[in-house]
K.L.:
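Here it is, the structure, as structure tokens.
A quick note: this is a predicted structure, and the numbers were derived from the prediction, not measured.
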Amino acid sequence: MSGHERCRSVRTPLTEVRAGGVQLALDPTEPVFHGHYRGFPIFAGVFLVETAHQAALDRPPAGAPRLRLARLESARFLHPAYPGDTLTFSLRWTRDGTGWVCRAAAATGQDQVAKIRLRYEDAGAAAHLAPPSGTQDRLPAGLGPLSLPELMARIPHRDEMLLIDRVLSFAPGERATAEKAVTYGEPWYRHLDDTVKDPAAYAYPIGPLMESFNQAAAVLATAGKANTDVLADEVLMLGSYTDVAFGAPVFPGDTLEHRVRLARTVDGIQLFEGSTRVRGEVVLTVSQAVLARRPADRLRQA
């Protein structure tokens with residue numbers, strides 16, 4: 001399945017550059033910028049990961065079978081990317097045991113933007129995930145549920161980029177459970193047409209899947225103080241991921257249930273972990289996601 005035949009978050013196609021790399025010109029009209037954030041659009045780290053993944057699928061190692069993304073072993077986000085930037089990705093494949101590892105680096109000009117390590121396995125392998133230890137099996141005691149207006153009074157995400165529908169329950173400083181209904185009406189599906197018959201093409205992209213989880217974490221991150229205007233307050237930034245595992249694909253009609261725990265806070269930087277379920281089956285586990293806050297004017301100067 002080529003990049004033209006699968007659902008993806010960024011409409012602009014990747015272009016080839018020398019030495020096997022690819023480039024992505026960040027069109028300001030991309031849906032990923034609508035509401036992330038108002039007045040300060042920024043290319044979220046999850047879409048850097050998804051772009052590296054799409055490039056890897058389109059350029060697999062010689063002799064490899066059809067591959068499935070099993071894990072995001074690590075991702076470090078080093079510099080923001082904005083509308084109008086051109087990202088260059090370099091890819092390096094290695095065989096590792098029974099799987100394949102793709103190391104991707106993203107840059108804009110002289111600035112390193114991200115370093116990403118993705119692990120793939122044979123697409124025919126089972127994709128079952130066990131719930132991570134430490135995440136709740138029941139809804140936590142505490143506040144909630146939060147309606148959509150109450151949710152929007154806490155976090156800055158808007159328009160197409162508001163990717164949770166309600167918070168079922170949350171205990172400030174501890175845990176949260178939130179839901180997101182996946183629909184065919186989301187912008188990621190607009191480039192697909194009736195000529196695409198493969199059901200696998202309609203799998204929900206990993207970018208909005210992870211971003212939806214992150215927004216559940218943002219509910220916890222803003223529990224003490226709402227952050228709805230990043231220009232007046234601070235920009236919520238994803239600093240890194242460690243060991244994110246992907247299970248069975250998600251499709252329109254599914255409802256994501258995110259269970260997020262605040263593991264610890266260090267010097268104002270918050271570390272989250274958790275999982276996502278669909279009808280009780282674990283489809284995503286996150287060993288660590290790091291969220292930080294940065295003033296918008298400082299980011300503009302970076």
K.L.:
Keeping the roles fixed (side chain from Arg95, backbone from Gly99), state whether a donor-acceptor pair exists under 3.5 Å.
P.N.:
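Indeed, once roles are kept as given, a pair shorter than 3.5 Å links the two residues.
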K.L.:
Any carboxylate oxygen within less than 4.0 angstrom of a Lys/Arg side-chain nitrogen, looking at Glu257 and Arg277?
P.N.:
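Salt bridge: no.
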K.L.:
May I have the step-by-step check of side-chain hydrogen bond (donor to acceptor under 3.5 Å, both in side chains) for Arg259 and Thr276, ending in yes or no?
P.N.:
CA-CA 6 Å; Arg259 302 181 184 186; Thr276 301; over 6 Å; no
K.L.:
Are any side-chain N or O atoms of Trp100 and backbone N or O atoms of Asp122, one a donor and one an acceptor, separated by less than 3.5 Å?
P.N.:
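Flag not set: sc Trp100 to bb Asp122 has no pair under 3.5 Å.
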K.L.:
For the side chain of Glu174 and the backbone of Ala171, is there at least one donor-acceptor N/O pair under 3.5 Å apart?
P.N.:
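Not confirmed, Glu174 side chain does not pair with Ala171 backbone.
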K.L.:
So do the side chains of His53 and Leu69 get within less than 4.5 Å of each other, counting heavy atoms only?
P.N.:
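His53 vs Leu69: side chains touch.
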K.L.:
Hydrophobic cluster membership, with links at side-chain heavy-atom distances under 4.5 Å among I/L/V/M/F/W/Y: are Val49 and Leu271 in one?
P.N.:
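Different clusters: Val49 never reaches Leu271 through Ile, Leu, Val, Met, Phe, Trp or Tyr contacts under 4.5 Å.
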K.L.:
On a heavy-atom basis, which atom in Ala216 and which in Ile164 lie closest, and how many Å separate them?
P.N.:
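Nearest pair, atom of Ala216 first, then Ile164: N-CD1, 4.0 Å.
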K.L.:
Please list, one pair per line, the donor and acceptor atoms closer than 3.5 Å that link side chains of residues 205-214 to other protein atoms, with sequence neighbours excluded.
P.N.:
from   : atom 1 : to     : atom 2 : distance (Å)
Glu211 : OE2    : Gln215 : NE2    : 3.0
Ser212 : OG     : Leu163 : O      : 2.6
Ser212 : OG     : His258 : NE2    : 2.7
Asn214 : OD1    : Tyr241 : OH     : 3.0
Asn214 : ND2    : Tyr241 : OH     : 2.8

K.L.:
What verdict does the side chain to side chain contact (heavy atoms under 4.5 Å, CB included) test give for Leu238 and Val46, after you've listed the backbone C-alpha separation in whole Å, the side-chain angles of each residue and the deciding distance to 0.1 Å?
P.N.:
CA-CA 8 Å; Leu238 180 64; Val46 296; 4.3 Å; yes
K.L.:
Quick one, Arg293 and Gln270 - any side-chain contact, counting heavy atoms below 4.5 Å?
P.N.:
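Yes, close enough: below the 4.5 Å cut-off.
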K.L.:
Between CG of Asp165 and OG1 of Thr183, what distance do you get to the nearest 0.5 Å?
P.N.:
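Between Asp165 CG and Thr183 OG1, I get 8.5 Å after rounding to 0.5 Å.
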K.L.:
Going through the distances and angles, do Ser9 and Glu50 end up as a side-chain hydrogen bond (donor to acceptor under 3.5 Å, both in side chains)?
P.N.:
CA-CA 8 Å; Ser9 301; Glu50 185 188 322; 2.6 Å; yes
K.L.:
Could you give the distance from OG (Ser74) to CD1 (Ile116), rounded to the nearest 0.5 Å?
P.N.:
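The OG atom of Ser74 sits 9.0 Å away from the CD1 atom of Ile116.
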K.L.:
Salt-bridge test for Lys180 and Glu186: reply yes if a basic N is under 4.0 Å from a carboxylate O, no otherwise.
P.N.:
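Counted as a salt bridge, because a side-chain N and a carboxylate O are separated by less than 4.0 Å.
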K.L.:
What I'd like to find out is whether the side chain of Val260 reaches to under 4.5 Å of the side chain of Leu220, using heavy atoms alone.
P.N.:
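Contact flag for Val260/Leu220 side chains = yes.
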K.L.:
Out of curiosity, His79 NE2 to Asp111 CG, how far, rounded to the nearest 0.5 Å?
P.N.:
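Interatomic distance, His79 NE2 to Asp111 CG, rounded to 0.5 Å: 4.0 Å.
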K.L.:
With no hydrogens and no angle check, just 3.5 Å: does a side-chain donor-acceptor pair link Glu30 and Thr12?
P.N.:
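Looking only at side-chain atoms, Thr12 and Glu30 do form a donor-acceptor pair, the distance falling under 3.5 Å.
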K.L.:
Rounded to the nearest 0.5 Å, what's the gap from OG1 on Thr195 to CG on Asp198? Could you check?
P.N.:
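If I round to the nearest 0.5 Å, the distance is 11.5 Å.
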K.L.:
List the residues meeting side chain to side chain contact (heavy atoms under 4.5 Å, CB included) with Tyr184, not counting sequence neighbours, and say none if there are none.
P.N.:
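If we apply the side chain to side chain contact (heavy atoms under 4.5 Å, CB included) test to Tyr184, skipping adjacent residues, the hits are Tyr189, Tyr202, Pro252.
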K.L.:
Asp254 side chain to Phe251 main-chain N or O, any donor-acceptor pair under 3.5 Å?
P.N.:
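Yes; judged by distance alone, with no hydrogens or angles, the pair exists.
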K.L.:
For a 4.5 angstrom cut-off between non-hydrogen side-chain atoms, does Val283 reach Phe246?
P.N.:
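Of all side-chain heavy-atom pairs linking Phe246 with Val283, none is under 4.5 Å.
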K.L.:
If two hydrophobic side chains count as joined below 4.5 Å and joins carry through other members, does Val32 share a cluster with Leu192?
P.N.:
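Result: yes, single cluster for both.
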K.L.:
Side chain to side chain contact (heavy atoms under 4.5 Å, CB included) for Tyr82 and Phe43? Distances and angles first, verdict last.
P.N.:
CA-CA 6 Å; Tyr82 300 108; Phe43 196 59; over 6 Å; no
K.L.:
Between the side chain of Asn227 and the main-chain N/O of Arg154, is any donor-acceptor distance below 3.5 Å?
P.N.:
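Answer holds: no.
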K.L.:
Charged N to carboxylate O under 4.0 angstrom, Glu16 versus Arg59?
P.N.:
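Yes, this pair counts.
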K.L.:
Examine the side chains of Asp96 and Thr94 and answer whether a donor and an acceptor come within less than 3.5 Å of each other.
P.N.:
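Absent: no donor and acceptor within the cut-off.
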K.L.:
Does this structure show an ion pair linking Lys225 with Asp233, if we count only N-O contacts that are shorter than 4.0 Å?
P.N.:
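So Lys225 pairs with Asp233 through a salt bridge.
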K.L.:
Starting from Leu78, can I reach Leu87 by hopping between I/L/V/M/F/W/Y residues whose side chains sit under 4.5 Å apart?
P.N.:
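Leu87 does not cluster with Leu78.
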K.L.:
Flag yes if Leu151 and Met161 sit in one hydrophobic cluster, no otherwise; membership is Ile, Leu, Val, Met, Phe, Trp, Tyr, and two members link when side-chain heavy atoms are under 4.5 Å apart.
P.N.:
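Linked within one cluster.
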K.L.:
Is any side-chain heavy atom of Leu72 closer than 4.5 Å to one of Arg117?
P.N.:
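No; the side chains remain at least 4.5 Å from each other.
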K.L.:
Which pair of non-hydrogen atoms, one from Gly185 and one from Arg190, has the smallest distance, and what is that distance?
P.N.:
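The answer is O-NH2, 4.3 Å.
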K.L.:
Is there a donor-acceptor contact under 3.5 Å from the side chain of His191 to the main chain of Arg6?
P.N.:
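Yes: the side chain of His191 pairs with the backbone of Arg6.
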K.L.:
Identify the heavy atoms of Val22 and Ala55 that sit nearest to each other, and give their distance.
P.N.:
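Nearest heavy atoms, Val22 then Ala55: CG2-CB, 3.9 Å.
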K.L.:
Could you report the tightest heavy-atom contact between Gly247 and Arg68, atom names first, then the distance?
P.N.:
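That closest heavy-atom pairing would be O-NH1, 3.5 Å.
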K.L.:
Could you tell me whether a side-chain N or O of Arg158 sits under 3.5 Å from a main-chain N or O of Met152, the two making a donor and an acceptor?
P.N.:
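Here the side-chain-to-backbone pair exists.
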K.L.:
Compare all side-chain heavy atoms of Leu162 with those of Leu148 and state whether any distance is below 4.5 angstrom.
P.N.:
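Touching, per the 4.5 Å side-chain cut-off.
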K.L.:
Is there a side chain to side chain contact (heavy atoms under 4.5 Å, CB included) between Phe33 and Phe47? Walk through the geometry before answering.
P.N.:
CA-CA 11 Å; Phe33 291 122; Phe47 300 115; over 6 Å; no
K.L.:
Give the minimum heavy-atom separation between Ile42 and Ala81, together with the two atoms involved.
P.N.:
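That closest heavy-atom pairing would be CG1-O, 3.6 Å.
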K.L.:
Would you name the heavy atoms of Ala245 and Leu129 that are closest together and state the gap between them?
P.N.:
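Scanning both residues completely, I find the closest heavy atoms to be O-CD1, 3.6 Å.
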K.L.:
Is Leu57 reachable from Val196 through a run of I, L, V, M, F, W or Y residues, each pair having side-chain heavy atoms under 4.5 Å apart?
P.N.:
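In one cluster with Val196: Leu57, yes.
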K.L.:
Is a side-chain donor or acceptor of Arg92 paired with a backbone partner of Ala105 at a separation under 3.5 angstrom?
P.N.:
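Answer holds: no.
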K.L.:
With distance as the sole criterion, is a donor-acceptor pair present between the side chains of Thr51 and Arg8 under 3.5 Å?
P.N.:
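Their side chains do not contain a donor-acceptor pair, so the 3.5 Å distance test is not met.
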K.L.:
Output, in order, the C-alpha distance, side-chain angles, deciding distance and verdict of side chain to side chain contact (heavy atoms under 4.5 Å, CB included) for Leu256 and Val182.
P.N.:
CA-CA 7 Å; Leu256 306 172; Val182 175; 4.0 Å; yes
K.L.:
As an exercise, state the distance from CG of Asp243 to CD of Glu273, rounded to the nearest 0.5 Å.
P.N.:
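So the gap between those two atoms works out to 11.0 Å.
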K.L.:
Can you confirm whether the side chains of Thr86 and Gln23 place a donor and an acceptor under 3.5 Å from each other?
P.N.:
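Absent: no donor and acceptor within the cut-off.
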K.L.:
Is any side-chain heavy atom of Val113 less than 4.5 Å from a side-chain heavy atom of Leu48?
P.N.:
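With C-beta onward as the side chain, the pair touches.
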K.L.:
Check Asp229 with Arg38, please: is the shortest side-chain N to carboxylate O separation under 4.0 Å?
P.N.:
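Result for this pair is no, no salt bridge flagged.
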K.L.:
I need the Leu236 CG to Ile155 CD1 distance, nearest 0.5 Å.
P.N.:
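Between atom CG of Leu236 and atom CD1 of Ile155 there are 8.5 Å.
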K.L.:
Does the side chain of Tyr37 reach to within under 4.5 Å of the side chain of His157, using non-hydrogen atoms?
P.N.:
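Heavy-atom side-chain distance check passes, below 4.5 Å.
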